[in-house]
Amino acid sequence: MNFAKMRQLMINRQIISRNIRDQRVISVMGYMPRHKFVPDKLQKDSYADYPLPIDNNQTISQPYIVALMTENLSLSSQDRVLEVGTGSGYQTAILSKLCAHVYTIERIETLLKKSKDIFRELNITNISTKLSDGSLGWEEFAPFDAIIVTAAAVNIPPLLIEQLQINGRLIIPLGSGFGQILTLSIKKSDGLDEHHICGCSFVPLIEKEGIERTKP
Ligand code: SAM
């Protein structure tokens, strides 16, 4: 399969044509090998315009949604970013090329192990991973310049707001059920500035059921 060609078509038809303008985001998505993060049996769909199933009933997000969420974080190369919901690790890898360091948390051990193997294979060294409930954040490395939550919640987990820097950006799908609103919040000294970006559909953020360990 000609993955480079498929990737270029993805960039033209799904990313640029839908008004993603940040050249850094476009450039990273133009070379990041998304097919490495996709299950073997779905390789031919790696660059398709929809989310794909990965292990443990989770999903790798649609490329356009990855681009949109990343662009809205307005990252600079000095930023430290917290990601909740590593999933396949694709979004994490994209972020890692646009900021200084990514701290990513996943609650399913199998997924985290797989994504760590891919980061190693791709020689990405500015990602720290943690098996935990990401709604608690990662206190030790707070405050973060940006936080991205790639699973849907009814409200923003309060500890994530606490662990965000003033003027920091937090993006999260908010709502219950099948449809949510992708929401960007900017932290000000007197509260959050909220902006609704678009409708979206994400798997839920699981906050109280703890972590899912790999069976021995
Ligand atoms: N951006 C990812 C990608 O590109 O593959 C997609 C992430 S997937 C839509 C959402 C992920 O959030 C799942 O892997 C799920 O296990 C994880 N998740 C759900 N609740 C979580 C929690 N409380 N803490 C950490 N991860 C969580």
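Both ligands and their constituent atoms are indexed starting at 1 by order of listing. The model shown is predicted, which means the values in this text are computed figures rather than measured ones. Atom set for the values below is all heavy atoms of this structure, side chains included, hydrogens, waters and symmetry mates excluded.
Remark: ligand 1 atoms within the under-4.0 Å shell around heavy atoms of Q91 are 1 (N), 4 (O). Close contacts between ligand 1 and T59 involve ligand atoms 5 (O), 6 (C), 7 (C), 8 (S), 9 (C) [criterion: under 4.0 Å to a heavy atom]. With ligand atoms numbered from 1 in the order given, ligand 1 contributes 25 (C), 26 (N) to contacts under 4.0 Å with heavy atoms of I105. Here is the list of ligand 1 atoms found below 4.0 Å of a heavy atom in I108: 16 (O). Heavy-atom proximity to G134, at under 4.0 Å, picks out these atoms of ligand 1: 22 (C), 23 (N), 24 (N), 25 (C). The atoms of ligand 1 that sit less than 4.0 Å from any heavy atom of S61 are 1 (N), 4 (O), 6 (C). Near L111, meaning under 4.0 Å from any of its heavy atoms, are these atoms of ligand 1: 14 (O).
Residues satisfying the side chain to side chain contact (heavy atoms under 4.5 Å, CB included) criterion with Q43, sequence neighbours excluded, are M1, F3, H35, V38, D40, S46.
Side-chain atoms of Y64 and R18 include no donor-acceptor pair closer than 3.5 Å. Of the N and O atoms on the side chains of T183 and H195, not one donor lies less than 3.5 Å from an acceptor on the other residue. Side chain to side chain, T92 and E83 meet the donor-acceptor criterion of an N or O pair below 3.5 Å. In summary, the side chains of N167 and K187 do not present any donor paired with an acceptor at a separation below 3.5 Å, with no hydrogens or angles considered.
Here the closest non-hydrogen pair linking S176 and V154 is CB-CG2, 4.1 Å.
Under 4.0 angstrom from ligand 1, the non-hydrogen atoms of E106 come from both its backbone and its side chain. When heavy-atom distances to ligand 1 are checked against a 4.0 Å cut-off, V203 comes that close only through its side chain, counted from C-beta outward.
D45 places no side-chain N or O within 3.5 Å of a backbone atom of A48 that could act as its donor or acceptor partner. For the pair E106 (side chain) and L111 (backbone), a donor-acceptor distance under 3.5 Å is absent. Proximity of a side-chain donor or acceptor of R169 to a complementary backbone N or O of N72 within less than 3.5 Å is not detected.
Residues L122 and V25 share a hydrophobic cluster, clusters being chains of Ile/Leu/Val/Met/Phe/Trp/Tyr side chains in contact below 4.5 Å.
Residue contacts with ligand 1: I54 is excluded, as none of its non-hydrogen atoms falls under 4.0 Å. Within the structure, the closest approach of S132 to ligand 1 falls below 4.0 Å when heavy atoms are considered. Note on ligand 1: P204 sits in its first shell, one or more heavy atoms being nearer than 4.0 Å.
The single protein non-hydrogen atom nearest to atom 13 (C) of ligand 1 is Q58 OE1, 3.3 Å, given as residue, atom name and distance. Looking only at protein heavy atoms, the nearest one to atom 7 (C) of ligand 1 is T150 OG1, 3.3 Å. Looking only at protein heavy atoms, the nearest one to atom 5 (O) of ligand 1 is S88 OG, 2.6 Å. Nearest protein heavy-atom contact of atom 2 (C) of ligand 1 is T86 O, 3.7 Å. Closest to atom 26 (N) of ligand 1 among all protein heavy atoms lies R107 N, 3.4 Å. Looking from atom 12 (O) of ligand 1 to the surrounding protein, the closest heavy atom is G85 CA, 3.3 Å.
Residue I147 is found in a hydrophobic cluster whose other members, listed by chain and number, are L82, V84, Y103, I105, W138, F141, F144, V149, I156, L160, I161, L164, L170, I172, L174, L192, L205; membership requires side-chain heavy atoms under 4.5 Å apart, directly or through intermediates.
Taking distance alone, with nitrogen or oxygen atoms compared against 3.5 Å, I206 approaches ligand 1 more closely than that limit. Annotation: D133 places an N or O atom under 3.5 Å from an N or O atom of ligand 1; distance criterion only.
Enclosure of atom NZ in K97 by more than 12 non-hydrogen atoms of other residues, nucleotides or ligands within 6.0 angstrom is indicated.
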